[in-house]
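Every value quoted in this text rests on a predicted model; they were computed, and no experiment measured them. Reckoned from all heavy atoms, side chains included, excluding hydrogens, waters and symmetry mates.
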Amino acid sequence: MVKSSDTPPSTAPFPGIDAAWRSAPHPVLVTGPSGVVRAVNDAAALLFPGAAPGAALDDVLPRWLAEAHRRFTDPLRPGDAGPARGPAGDRSIEARPSRTEHGDVVWWLVDDTARRSAEDALRAERERTAFLAQASTELLASLNADRCTEVTARLAAQHLADAAVVIAPPSGRRLSVSFCGPDGEVVREKVLADPASVPGLAEALQGFPPVPSRWIDPAAVPEWVRPSSLGAIGSVAVTPLPGHGVAAGALILLRRSDQAAFHEREETFARLFAARAGAAMSAARLYAEQATITRTLMRDLLPPRLQQVSGVEFAGGYRASNDTDRVGGDFYDVHAGAGPEEESLVVLGDVCGKGLEAAVQTGKIRNTLHALLPLATDHQRVLHLLNGALLDSHHTRFATLVLASVARRGNTVRLRVTSAGHPAPLVVRADGRVEEADTRGSLVGALPEVTSRTAAFDLAPGESCLLFTDGITEASGGPLGDELFGDERLRSALSECAGMPAEAVVERIRMLAAQWVGNGRHDDMAVVAITAPRHAHPGAVDGATRGRCAS
């Protein structure tokens, strides 16, 4: 600041100007229309030591102020009387002109260095806040770990340094490294390198606080960290990428030798960015791990794909109650017999409830039935043992199911079906007649004892037996959306499937049920068709093709 107490240089008296203005705290400069200094006060004399009366403006004032004077006194530009602003040494000065009654120009000068510094600091802070908001938006836009890593490297290279390198936590002997240079392109590589070769990197990968960049010698940075397009490195900063409990990696910032070195405020800001990036990368990796676990566990919960087994056609279809789910409370399996003459066991069931919890219970029932396959010839015993297993578990969900033992006998298919609280299977004959299998029974997992009645019948070539869950018959829809699909509508649809292959029967029933439901809510739906082939000889369809079995 210019202090009025400082000793001013000599100034000439100027008529019409009160002596009091000479000691004013703000610099005041009086100039003639021809561009000659007429008078200066004490503060202006300190600011411009050469501005003595009679001196030419171009010789003693900054160019921006001299040009402002010419614009103000230019008769061709009478409206150009706005304030001018420019530097004077290390100060920022705002100059406002006014005319005296003698035609001279009085320049009122205000030192706005502090205000400009505050404005610059505010603008920089707003830019940093905007950048962090942009970074958070881009980082959280995806739960893909590779995508988060690429965004981290790219944003860091664009806003924090000339180039950025993201190092993933070590896994094995090779490091997963993502480079982003001045061109903005991210390159991922697997590098056989020791993190300890980069000063501060090994500590950052363990989550320790970063070392100041001034402690890192750029010459000590190995070649595997340097993007080839960067050139000579002048400054390096290494900061950890904090994750959820463990470090998500480390971020290396590189600047060229012709750029200013990182200062403390920039390093602090880099750590703020790294905190957001590390959290996003850690969340993405956690999501990927959970997705992998889910896929692994769900693989055995998904309904199997069925096909011909021992001369008998099998087809199945499934639709979960929620279109976003892949599994639910309905299930089916086909366990192929030990040989062509042995019975295959078909199971279709419905666990009380929906969603993942019901799917877990179906998994337990399917595993238990798989263990009981040696007893599959005795349906009642299988149901009794399954009922005991469910009662002994901590689950409170019960289930209904139907068992069907299937074997090819010449041109016909022999079936034994047993219902346990489940809708009885329907049989469509070659002439279109639909019959209901004479089987009944109590559900499993609710009562100490299970009672059931088994029905036996044959399928002639082209005839099918349909096993289904109540999600088909109880599907609400129709013109008003509240009418059940019902048994009669199912029987009518099935009568049109006489002579169809098993897969066509399933697709027909599924299509009609889906059309009936439309976009309305529905329960899990499962359907299995068992069909006696119309023209195939047993020897031609038997043999090695065991289909997709649950065995």
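In this structure, CZ in R508 is found 4.0 Å from CG in L512, a value given to the nearest 0.5 Å. For the atom pair OG1 (T412) and CG (D458), the distance works out to 4.5 Å, reported to the nearest 0.5 Å. Annotation: the span from L490 atom CG to L426 atom CG amounts to 5.5 Å, rounded to 0.5 Å.
For the side-chain contact (heavy atoms from CB on, under 4.5 Å) with H422, the lone residue among D470, L443, V402 that qualifies is V402. Under the salt bridge (charged side-chain N to carboxylate O under 4.0 Å, His left out) test applied with E341, the options R408, R414, R409 reduce to a single match, R409.
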* Give the intermediate values and the outcome of side chain to side chain contact (heavy atoms under 4.5 Å, CB included) for residues F273 and T152. => CA-CA 9 Å; F273 168 75; T152 299; 4.1 Å; yes
* **side chain to side chain contact (heavy atoms under 4.5 Å, CB included) assessment of R491 paired with E436** => CA-CA 9 Å; R491 286 169 176 263; E436 182 177 292; 3.2 Å; yes
* Residues T531, L459; criterion side chain to side chain contact (heavy atoms under 4.5 Å, CB included); working and verdict -> CA-CA 7 Å; T531 301; L459 295 179; over 6 Å; no
* Take L390 and I365 through the test side chain to side chain contact (heavy atoms under 4.5 Å, CB included) and record every step on the way to the result. => CA-CA 8 Å; L390 295 181; I365 293 175; 3.8 Å; yes
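Judged purely by atom type and a 3.5 angstrom limit, T454 has no side-chain atom pairing as donor or acceptor with the backbone of T418. Here the side chain of W516 pairs no donor or acceptor atom with the backbone of I472 at under 3.5 angstrom. Side-chain atoms of R226 come within 3.5 Å of backbone atoms of V221 as a donor-acceptor pair (strictly under, hydrogens ignored).
Surrounding CG of D183 are more than 12 heavy atoms belonging to other residues, nucleotides or ligands, all under 6.0 Å away. Atom CZ of R453 has more than 12 heavy atoms from other residues, nucleotides or ligands within 6.0 Å.
Scanning all heavy atoms of the two residues, the minimum distance from S282 to G243 falls at CB-CA, 3.7 Å. The minimum heavy-atom distance between A193 and P195, with the atom names listed, is O-CD, 3.7 Å. Closest heavy-atom contact between A407 and E342: CB-O, 4.3 Å.
Neither side chain, S419 nor T439, offers a donor N or O lying under 3.5 Å from an acceptor on the other. T469 and D330 share a side-chain donor-acceptor pair at under 3.5 Å. Between D524 and S321, the side chains place a donor N or O and an acceptor N or O closer than 3.5 Å (distance only, hydrogens not considered).
Using a cut-off of 4.0 Å between Lys/Arg side-chain N and Asp/Glu carboxylate O, D431 and R433 are scored as salt-bridged.
For E203, the side chain to side chain donor-acceptor pair (under 3.5 Å) criterion is met by no residue, not counting sequence neighbours.
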